[in-house]
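Encoded as structure tokens, the structure appears first; notes follow it.
We name chains A, B, ... by the order of the sequence lines, and we start the count at 1 in each one. Because the structure is a prediction, the values reported are computed rather than measured.
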2 protein chains.
Amino acid sequence: MRRARTFEDVLAQIERRIVEDGLTPGDRLPGERHLAEQLQVSRSSVREALRVLETLGVVSSQAGRGPDAGAILTARPDSTLTDLLRLHLGLSSLSMREVVQTRMMIEQWSAARAAASRTEESLERLRADLAAMDAAESVAEFVRHDASFHLGIAELAGNRLIAATMRALRAAVEGYAIEAVTRLGDTAGLMADHRRIYEAIAAGDGDAAVAAVTGHLTRTYPDAT
Amino acid sequence: MRRARTFEDVLAQIERRIVEDGLTPGDRLPGERHLAEQLQVSRSSVREALRVLETLGVVSSQAGRGPDAGAILTARPDSTLTDLLRLHLGLSSLSMREVVQTRMMIEQWSAARAAASRTEESLERLRADLAAMDAAESVAEFVRHDASFHLGIAELAGNRLIAATMRALRAAVEGYAIEAVTRLGDTAGLMADHRRIYEAIAAGDGDAAVAAVTGHLTRTYPDAT
DNA sequence: GTGGTTCATGTGGTCTGACCACAGTATGGT
DNA sequence: ACCATACTGTGGTCAGACCACATGAACCAC
């Protein structure tokens with residue numbers, strides 16, 4: 001058994017405090033110096049613990065926020081997941097195939113859910129993205145609205161964990177996406193796919209939505225299944 | 001635009017180094033003092049960067065490993081994801097419902113994949129877990145093999161990202177699982193579910209496997225869908 | 001020669017104390 | 001009443017020190 005490092009103790013104490021005091025995003029932690037004194041450790045250890053919490057998207061710090069200020073509790077797991085994917089892809093401990101496959105799973109699930117629980121205003125957002133893609137004048141702009149469209153479907157399903165994962169996955173394949181669109185040359189095929197997905201969701205046809213999403217992703221990332 | 005903090009620069013430099021030098025798990029980074037000198041920053045900044053990488057499961061440090069030693073590159077995203085879920089559940093920025101729902105998505109997908117690509121040795125592992133559950137003499141032991149069974153299905157699908165996510169999700173509901181088993185009193189119903197899942201996978205019947213998994217999770221976590 | 005012991009070296013982990021740039025607040029003058 | 005100024009405490013960074021530990025080389029006994 002390895003002895004716990006000091007900053008890990010600090011981590012546990014802060015977590016305990018969050019749970020016991022029922023702190024939620026927007027609340028504040030004491031300043032670094034205060035925490036250090038309360039826990040009888042050095043500021044370095046406190047800072048390392050805060051850095052971990054920041055990495056996990058639980059806390060956010062910025063310099064010089066005046067008295068009675070400290071790290072603010074947040075709920076931003078997005079960049080954690082994005083960084084996680086990017087680094088492990090770089091380390092080759094994860095393959096692009098696995099990432100695309102995971103995205104396939106999420107998008108199929110989301111499309112089915114979205115078809116079942118669609119509302120007029122959520123459909124409106126998807127239509128807006130479609131229109132923006134049609135009007136896009138550059139690959140980058142097209143891809144941006146493309147991402148927004150796919151994310152919209154995931155958010156429509158109403159699960160923050162899945163939506164956050166989807167955002168990270170999407171960011172991880174960003175480079176691939178731009179390359180894929182450029183390679184295909186024209187976007188007519190992609191737009192036809194998108195419209196098919198939208199129509200299926202709007203019609204509340206879950207099976208058709210899943211099929212449309214599956215076809216779309218298979219065509220866009222042919223080398224991963 | 002907020003100015004980048006020093007340790008974020010260090011982070012970027014280390015990441016660049018990993019990608020450019022094609023480093024993989026098992027390789028080593030220079031020692032903290034060397035990195036500090038190479039990048040012309042203080043050791044504290046290097047340490048904060050390493051702490052971030054450690055949190056993301058990319059690096060692992062331990063004290064006193066002799067000369068020419070530094071942090072070892074790893075590929076352990078599990079605890080990152082587990083911590084992420086636990087903290088955000090504690091912060092109420094994620095609900096147990098969303099976690100269980102995500103698990104439902106992954107297990108359905110995994111079961112379908114597992115049914116399609118089963119092998120005799122992978123089935124053997126599942127059978128071993130089933131037998132261990134039958135022989136379990138305590139709730140804790142039962143739940144442990146229960147977890148192993150479900151994880152086995154996810155790993156069978158052959159996607160490290162999904163398997164890692166599954167491990168984290170499973171760990172997050174650990175407390176719930178023990179409570180659920182205790183509440184149900186006997187495990188006969190659960191075991192019947194497990195056998196039904198196993199049989200469907202062994203028979204290569206994807207649809208039946210999905211149905212069996214869906215029924216099992218719905219029964220185990222009735223208050224989340 | 002061989003096997004075990006000691007010891008110097010360098011590591012990660014921690015601490016102290018200092019300085020900086022910045023945001024909020026109070027203070028002062030107009 | 002208003003605006004500029006100084007003050008205060010913050011997070012961010014740095015330099016330098018010490019500790020416990022793991023490693024490997026030098027050493028000694030046999």
D:dT10 OP1/OP2 closer than 4.0 Å to side-chain N/O of A:S61: no
Below 4.0 Å: OP1/OP2 of C:dG13 and any side-chain N or O of B:R47: yes
Taking salt bridge (Lys or Arg N to Asp or Glu O under 4.0 Å) as the test, write out the residues that go with [X], two or more places apart.
| X | answer |
| --- | --- |
| B:R86 | A:E15, B:D83 |
| A:E155 | A:R125, A:R167 |
| B:R16 | B:E20 |

Polar contact flag, side-chain donor to acceptor under 3.5 angstrom, B:R97-B:Y221: no
Atom-pair distance ([atom1] on [X]; [atom2] on [N]), nearest Å:
| X | N | atom1 | atom2 | result |
| --- | --- | --- | --- | --- |
| B:F7 | D:dG11 | CZ | P | 14 Å |
| A:E48 | D:dG11 | CD | P | 16 Å |
| B:Q62 | C:dG10 | CD | P | 20 Å |
| B:E8 | D:dG11 | CD | C1' | 13 Å |
| B:E32 | D:dC14 | CD | P | 14 Å |
| A:L50 | D:dT13 | CG | P | 13 Å |

Contact nearer the 5' end of DNA chain C, comparing A:T6 with A:R33: A:T6
Side chain to side chain donor-acceptor pair (under 3.5 Å) partners of B:D134, counting only residues at least two apart: B:R195
Under the side chain to side chain donor-acceptor pair (under 3.5 Å) test, residues paired with B:E141 that sit two or more places apart: none
Interface with DNA chain C, restricted to residues 34-44 of chain B and to heavy atoms under 4.0 Å: B:H34, B:R43
